[in-house]
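Remarks on the structure that follows.
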Amino acid sequence: APTDQYSRAVDWLSRYGYLPPPDPRASKLQTKEGIEKAIRVMQRYGGVHETGVLDSETLKLMSTPRCSLPDIVGSEDMLRRRRRKR
Amino acid sequence: YALSGLKWHKTDLTWSVHSYPSPSLSPGLPNSLVDNILTHALKAWSDAAPLNFRWLPSDSRVAAAGGDIRVSFTSMFHDDGYPFDGQGGTLAHAFFPGRNDMAGDTHFDDDEIWSYGGSSSTTDLFTVAVHEFGHALGLSHSSSDPSIMRPYYQGPVGDIQNFMLALDDKQAIQQLYGVKDEGPPGGVDPEIPRLPSPPPPRPTQPSDPSFSERCQGGFDAVANIRGEVFFFKGAHFWRTKQDGSLVSLNPAQIKNFWIGLPPGTNKVDAVYERKSDSKIIFFIGSQYWVFKDTVAMAGYPRPLSEWGMRTKSGALVESVDAAFIWAHNGKTYLFSNGEFWRFDESHGSGEVTWLQAPDYPRSNSLWGGVPSHMDDVITWGEGDSYFFKDNHYWVLKRGGLNQDVVTPKSIAVDWLRCPAPPTTPAAPANPRHPKECSCDIKG
C-alpha cells in the first residue's frame, strides 16, 4: 500500500542519515517538504533522476542491497553513537 | 570522497577473523578462501597507501584483546546497534578507527550467500570486504562513480589479483595515510584535513525576510481553525496556537500543508472553519474549496457564484475579502468590497449548503469602530469578534456590533511574537529643531 511504502521510505531515509533520526523522548513529525528534500538528496547521492518523489527508480535503489552505515553522518547520529558507546 | 574524520595513528595494523560464513549458506567458501579474499581486500588499500596488515590467528590473545580489524560473520542482532536483516537489505558494516573496543571491527551478514565471483544470486565477498575495510580505515560513503565506497552493492568488481582502487578511493586513503613510498603520511599535514573556518559571526538582527514579512502585517487571510489562528500571506502562513505561542517563527508553505489548491497559489482571500462539520472553506478569487482536514474534497473548486452573492447594484460578487462565523448567532458572514452577507448552514440533502438570509448585503459600516475594508475576521476568546487590517486588529466584545471606542492593537506584537516598536520618549523641546523626527520599526 502507498502509505506502507511511504513509512518504509521514511524509515529508510532516517536510517541512512537523510532524515534526522527519531528522538524517542519527543514526538517529531517530519514535514512533507523535509521528506521531499531528503528524497532529493538520496537520489542525487545514488545517481538516479532527482524528482523528490518515490518513483520506481528510487524505490528500486532503496531495495538494493547495501552497507548498513549511513550515507550522511550528521552530528546527531555521531552523538547517538557516542552515547551508546558510553 | 568523504572521510569519517577518524584514522589510525599508526600504519602497522593487525587483523583477525573470529567467525566464518556458514557452510550451509555459502558452501563455495572454505575458511582458507575467506582468509585469502580478505587478505587481498586489505591489499587493495595497502597498495595505495603505506599500510601494513598483519594477520593474527583468532584464538591468539592479541587478536581477542586488542586486534585492530576484527572480522566476523554474524546475523540479525549481534550487540552492536546495527542488526542485520536476513538475506538482502544490509550486507555488512564496519566501525571507523579509534581507541574504543569496536573500532575497526568488520561484520558481514551471515544470512547472505557469500561467494567469490559467483552468480547474480550471490554476494561477492571481495567487493563487500574492500568497501568495509575502507570504513575500518576511516573512509565514509562516497557518491562518486566509480568508487568502491558507494553504499550500494553493484556486483563483483572482478579478479582480486588485479583489482585496483578507483582514483577517488586512492585519493581518500592517501589523504589519510599518505602515498606509498613517498613522504610522510598525509603529505605536509599529517593529520586529517581540517574543515574550513566557520564564517564570521552574523549580527543577531533578524535578516531573514520571513521576519519582516511576519512582522509587517498585511495578511491576505486570517482564520481560526480548530482553536489555532492561521495567518496567510502570499504563498505562506504562520500558525499561532491557543496558548499564544507560534508553531514556528518561520512561515510554512501553503501548498505543502493544504493539499489540493492549484499549483502556484500565492494568495488566498479568506478562510474559515464551517460550524456544523468543521470542514474548512478557502476562497480564492471567484472560486472556493472545501477541505476535510488538510486535503481538498473531490469536486472542488466550485464557482463563488453558487453562493448567490450580489451587490446592491445587482452584480455578482467576484471575490471575498473576509469570512467568519459570528459566535453571537452562529451564522456565517462573508464580506466583499465594503458589504457583507449572512448565511445559514443547511443540511437538507446530507451535504452542508448555505442559505442566504434576505435583506443582504448590508454595509460594513454597521460594524462600528472597525475598518470597513478588513483583511479578515475571526471569532476568538470568549466569542469576541476580531477584525484584522494591515498590522492592526480590533476586538468587538461578545455579540457587540457597534461599540463606542475600539482601540486597534498590533497583530505583530500580540499574535506573531514580534518585538514591540520602540516607544519614543517625549523629547524636551529643542528650539533649534522644533520638529524632531522619530523612527518606527520599519524606519
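Note: hydrogens, waters and symmetry copies are ignored here, and every other heavy atom, side chains too, is used. Chain identifiers are assigned alphabetically (A, B, ...) following the order of the sequence lines, protein sequences preceding nucleic acid strands; residue numbering begins at 1 within each chain.
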Proximal to chain A - members of residues 145-152 of chain B, heavy-atom separation under 4.5 Å: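 Under the 4.5 Å heavy-atom cut-off, B:Arg150, B:Pro151, B:Tyr152 qualify.
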State, yes or no, whether a side-chain contact exists between [X] and [Y] at a heavy-atom distance under 4.5 Å.
X	Y	value
A:Met42	A:Leu13	yes
B:Ile280	B:Arg226	yes
B:Arg70	B:Trp15	no

B:Trp258 and B:Leu261: side chain to side chain contact (heavy atoms under 4.5 Å, CB included), yes or no, with the steps? CA-CA 7 Å; B:Trp258 301 101; B:Leu261 292 175; 4.2 Å; yes
Say you draw a straight line from NE2 of B:His107 to CE of B:Met102; how long is it, rounded to the nearest 0.5 Å?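 Spacing of NE2 (B:His107) from CE (B:Met102) equals 5.0 Å.
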If the condition is salt bridge (Lys or Arg N to Asp or Glu O under 4.0 Å), which residues does A:Asp55 pass it with, not counting sequence neighbours?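 Expected list: none.
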Check B:Asp80, B:Asp109, B:Asp105, B:Thr106 against B:His93 for a side-chain hydrogen bond (donor to acceptor under 3.5 Å, both in side chains) and give me the one that passes.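 Answer to the side-chain hydrogen bond (donor to acceptor under 3.5 Å, both in side chains) test with B:His93 among B:Asp80, B:Asp109, B:Asp105, B:Thr106: B:Asp80.
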What part of [X] lies closer than 4.5 angstrom to a heavy atom of chain A: side chain, backbone, both or neither?
X	result
B:Ser142	backbone
B:Ala94	backbone
B:His135	side chain

Which pairs with one or both residues in residues 110-134 of chain B pass salt bridge (charged side-chain N to carboxylate O under 4.0 Å, His left out), sequence neighbours excluded?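 Not a single pair qualifies under salt bridge (charged side-chain N to carboxylate O under 4.0 Å, His left out).
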Determine which residues belonging to residues 59-68 of chain A lie within contact range of chain B, meaning some heavy atom pair is under 4.5 Å apart, and list them by number or answer 'none'.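 Heavy-atom contacts from residues 59-68 of chain A to chain B are A:Leu61, A:Thr64, A:Pro65, A:Arg66, A:Cys67, A:Ser68.
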Candidates B:Phe108, B:Phe73, B:Phe84 - the one meeting ring-ring contact (aromatic ring centres under 6.0 Å, His included) with B:His78: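 The option that passes is B:Phe84.
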Quick one: do A:Lys37 and A:Glu33 make a salt bridge, cutoff under 4.0 Å?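 No, no charged N to carboxylate O under 4.0 Å.
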Does the distance from a Lys or Arg side-chain N to an Asp or Glu carboxylate O, for B:Glu228 and B:Arg239, drop under 4.0 Å?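 Yes, charged N to carboxylate O under 4.0 Å.
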